[in-house]
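Step one of this worksheet: look at the structure below.
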There are 2 protein chains.
Amino acid sequence: MLNQTPDLDRLFHALADPARRAMFERLSRGPAPVSELARPLPMSLPSVMQHIGVLEAAGLVRSEKFGRVRTCSIEPGALSLAEQWINARRQEWECRLDRLGEYLKTMENGEDDNGRVD
Amino acid sequence: MLNQTPDLDRLFHALADPARRAMFERLSRGPAPVSELARPLPMSLPSVMQHIGVLEAAGLVRSEKFGRVRTCSIEPGALSLAEQWINARRQEWECRLDRLGEYLKTMENGEDDNGRVD
DNA sequence: CGTTTGGTTAAGCATATGCCTAACTATCAG
DNA sequence: CTGATAGTTAGGCATATGCTTAACCAAACG
């Protein structure tokens, strides 16, 4: 639960780029070599490599070299950290609405009239 | 379903910063004025304003000015786009594992030996 | 061997990001 | 009106990001 802040930074930052998301989407349908990830993208190979670096640093993708071809694949559970954070937010949000609901209900019977809502 | 790519860019980019996530976390517990969002953060007010701008541009936060105080609040459903994308990825991933499982099962009985996996 | 193929390294450049300070506006309190 | 409070605008600066081209390396192919 502690200070995973830099991990979330890297994770969300990695996902904040269309090229990187495209690669990740491709990989979620199965492993692929670098050149296949590069093919649909309108950029040079070195750029693609940099993006792969970012995805790996974020723990989203793993890659291994066999012979001269580097095969990339999804790191399973890679997105769970992001998911957890989002769910935690939703839960806080809903919890707050519940408290608000409770409060409004106590207002209904026995109006005590010295409160404000937002 | 189409071309929400720039939206996802803005969304994930907005979440990729610890200060912005901190603000969003605070707001998911209820609305707050700018100065309250700023208090725990180690930076100047103008910087905070910029972060709020990013959060608003991403559709994560809304803000309105009453008198001289600007009150910020969560945009409900703000995270749903991110959630959708993540879920879609997981689904593709699982679907792929299913296909792989099917394939392995057909291999078990009646070995036909001319296929490759990955 | 020599060549193609797949990837990598290095260096450089343009733009974006994140932060700051200083100056300014607008509201509220006395 | 005067001063304090809340926020805003403007300008500038340092670093990060995303991309490029030009070499370079190493496995495969003929």
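Nothing here was measured: the structure is a model prediction, and the numbers come from that model.
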Backbone N or O of B/Thr5 within a donor-acceptor pair of the A/Arg21 side chain at under 3.5 Å?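 Yes, A/Arg21 side chain to B/Thr5 backbone: donor-acceptor pair under 3.5 Å.
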Between B/Arg20 and B/His51, is there a donor-acceptor pair closer than 3.5 Å when you use the side chain of the first and the backbone of the second?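 Flag not set: sc B/Arg20 to bb B/His51 has no pair under 3.5 Å.
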Below 4.0 angstrom from OP1 or OP2 of [N], is there any side-chain N or O of [X]?
| X | N | answer |
| --- | --- | --- |
| A/Ser35 | C/dG6 | no |
| B/Ser44 | C/dC19 | no |
| A/Ser47 | D/dG18 | no |
| A/Arg68 | C/dT4 | no |

Gap between atoms [atom1] and [atom2], on [X] and [N] respectively (whole Å):
| X | N | atom1 | atom2 | answer |
| --- | --- | --- | --- | --- |
| A/Arg20 | D/dG18 | CZ | P | 5 Å |
| B/Asp9 | D/dT17 | CG | C1' | 14 Å |
| A/Leu41 | D/dG18 | CG | P | 13 Å |
| B/Leu45 | C/dC19 | CG | P | 13 Å |

With DNA chain D as reference, determine whether A/Gly67 or A/His13 sits nearer its 5' end, using the nearest nucleotide of each.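 Comparing both residues, the 5'-ward one is A/His13.
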If you group Ile, Leu, Val, Met, Phe, Trp and Tyr by side-chain heavy-atom gaps below 4.5 Å, do A/Leu79 and A/Leu81 land in one group?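 They do share one cluster, since a chain of ILVMFWY contacts under 4.5 Å joins A/Leu79 to A/Leu81.
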May I ask you to list the residues of residues 50-62 of chain A, by number, that have any heavy atom positioned under 4.0 Å from an atom of DNA chain D?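 Within this stretch, A/Gln50, A/His51 sit under 4.0 Å of the strand.
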For B/Ser28 and A/Arg89, which I'm curious about, is there any donor-acceptor pair between the side chains at under 3.5 Å?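 There is no such pair (donor and acceptor under 3.5 Å, judged by atom type) between the side chains of B/Ser28 and A/Arg89.
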Check the angle between the aromatic planes of A/Trp85 and B/Phe24 and answer parallel, tilted or perpendicular using the 30° and 60° thresholds.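 Taking B/Phe24 first and then A/Trp85, their aromatic rings sit tilted (interplane angle of 30° to 60°).
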